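Here the structure is laid out as structure tokens; the discussion comes afterwards.
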There are 2 protein chains.
Amino acid sequence: MNKTGNNSFYPHVSVDCVLLGYNGDSLQVLLLEKNFVENHAQFNGMKLPGRLIYNNEDPDKAAQSLLKEWAGIHNAYLKQFKVFGDPERTSRPEDVNWLQEAVDLKIGRIVTVAYMALIRITSRKIQPAANLSARWCPVNEVPPLAFDHNVILKEALVEIRKNIRLDPSIIYRLLPPKFTLLELRRLYEVVYDQTMDVRNFHKKVKRSPYLIALDEKEENVAHRAARYYRFDKVSYNRHLGLTTM
Amino acid sequence: MNKTGNNSFYPHVSVDCVLLGYNGDSLQVLLLEKNFVENHAQFNGMKLPGRLIYNNEDPDKAAQSLLKEWAGIHNAYLKQFKVFGDPERTSRPEDVNWLQEAVDLKIGRIVTVAYMALIRITSRKIQPAANLSARWCPVNEVPPLAFDHNVILKEALVEIRKNIRLDPSIIYRLLPPKFTLLELRRLYEVVYDQTMDVRNFHKKVKRSPYLIALDEKEENVAHRAARYYRFDKVSYNRHLGLTTM
DNA sequence: CCAAAAGTGTTGTGCTTACACCCATGG
DNA sequence: CCATGGGTGTAAGCACAACACTTTTGG
């Protein structure tokens, strides 16, 4: 191994973003579809949103701009979680073709910084872009993706669980401002992929000073109406100061 | 912001390693001294071990090789923990000079992947290298470092505490194979920078099935001799399977 | 016998888990 | 009146924090 004077072989740097969304039912990840024709053959495949960073761009900023571009959101929870730098990660033939199509550069290799983000899926449509279409895909039904993106996704899911344990506030980003305890519990069950006891769950969350019961209840439901709650950021931050040390 | 065809402005990628060592007394970090003369002025300063990655090198491998180079060790706990990619991070004038001295390339900017490693400081000497000298420095007495290395160090210390909570086995890498509970407690106290109650500490660690009491005791100490313990990896892994899910 | 560190037990508090029934509402 | 989910309490076990004295050893 040796340094050479030829910069073009030094790695390029990209960001990739595992954008996780919740629609009140299942956890989904945003995938982009890549379609292009090469030598009269059609190539199809999906990938995570991502791109090379610009000359003078902070990777964190690049990830933020991806989030804005694809989800139209600029204040989501967004966290860098790992670098994937294996020199072979972009060398599968389909992936090489895809790269040459997308970027008009001879790319030696790409070191990518992986981010994860959490957003609430609303009715608002995801923006489609130039030659790509975006769609939400349940995390359990993700097809084989380009590059090492299946690995990146898997690691993001492990990471997000750790992060929610350390900082429960981030899970509330997946819920509307007012929510019932059933909705909250469903979300926990989806994220951790396990069922939870109703009574214990209620006791647990009611201990949290930042979960505030409202006077409002559901309306027009064919059963006893559930109370709405909201997450209070101010109380949460106060509470955090007391529990972290 | 725009892509250009000129690759030389794309970021270079480096690895930096926060190598934490314990000598039975305090937590130390390995720093390299950089000395060079420019325009008849002497430049001094310290930095974390690190370098650009080679053309076809996985950053993880690069970090491993740093570890081997500076600590002569190849099986330490070594973990990637964050990327530092602010375009301005290498632009302080002293740092620019240093870079031009060390690397005969015009460096636009460097995105660095930060690693942390834990090792036990033994009597064995740290290898000095070509134009650099290495030395251990207590983490509380670290001088201003090159680039953003003070920030990297600070984040590594936060990160290592999180990691030890999630995986206590890594703390035993800082102790000799046989150790007393006093030694173990001192280490925890140093890492978490707080004193711990002796009795509660004993109760806690004795609950761990992977901490094994030996029949050996200290010898020639001017007080009641303490029992030696050892960490058992096999029991630990068994135990882990039961507690993580 | 003194100095220095080893080693040990109890109590209260709070979190976790397991487990079953009545209540409110709309249709 | 029935189907649907809302909402609640108790007991056992375990982790955690606070707190003080006796034991062993060498000098």
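Numbers restart at 1 for each chain; the letters A, B, ... are given by sequence-line order, proteins then strands. This one's a predicted model, so the numbers in the text were calculated from it and none came from an experiment.
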- Query: In whole angstrom, what separates A:R199's CZ from C:dC15's P?
  - Reply: 19 Å

- Query: Can you check the A:H202 NE2 to C:dT17 C1' distance for me, whole Å?
  - Reply: 16 Å

- Note on the structure: Regarding the side chain of B:N200, the nearest nucleotide among C:dG7, C:dG9, C:dA18 is C:dG9

- Looking for any heavy atom pair under 4.0 Å, which part of the strands does A:D197 touch: base, sugar-phosphate only, or nothing? base

- A:Y188 OH - C:dT16 P separation (whole Å): 11 Å

- Query: Is any N or O donor-acceptor pair between the side chain of A:K203 and the base of C:dT17 shorter than 3.5 Å?
  - Reply: yes

- Message: Please report the interatomic distance CG(B:L20) to CG(B:L153), rounded to the nearest 0.5 Å.
- Response: 7.0 Å

- Task: Give me the first and last nucleotide of DNA chain D, going 5' to 3', that has any atom under 4.0 Å from a heavy atom of chain B.
- Result: D:dA15 to D:dG26

- Message: Donor-acceptor pair, distance only, cut-off 3.5 Å: does the side chain of B:T112 make one with the backbone of B:S14?
- Response: yes

- Distance flag, aromatic centroids of B:Y229 and B:F179, threshold under 6.0 Å: no

- Message: Between C1' on C:dA4 and NZ on B:K217, what's the gap in Å once rounded to a whole number?
- Response: 16 Å

- Just say parallel, tilted or perpendicular for the rings of A:Y192 and A:Y188, cut-offs at 30° and 60°. parallel

- Query: Closer to the 5' end of DNA chain C via nearest nucleotide, is it A:V221 or A:R207?
  - Reply: A:R207

- Taking only Lys NZ, Arg NE, NH1 and NH2, and the carboxylate oxygens of Asp or Glu, determine whether A:E216 and A:R227 approach each other closer than 4.0 Å. no

- Measure from CD on A:E218 to C1' on C:dC23 and round the result to the nearest Å. 15 Å

- Within the structure shown, what part of the strands sits under 4.0 Å from B:L182 by heavy-atom distance: base, sugar-phosphate, or nothing? sugar-phosphate

- With the side chain defined as heavy atoms from C-beta on, B:A226 is closest, among C:dA4, C:dG7, C:dC15, to C:dG7

- For the residue pair B:F231 and B:Y172, does the interplanar ring angle fall in the parallel (under 30°), tilted (30 to 60°) or perpendicular (over 60°) class? parallel

- Task: Check B:R92 against B:L145 and note the closest heavy-atom contact, atom names and distance.
- Result: NH2-O, 3.0 Å

- Between P of C:dT8 and NZ of B:K204, the distance in whole Å: 18 Å

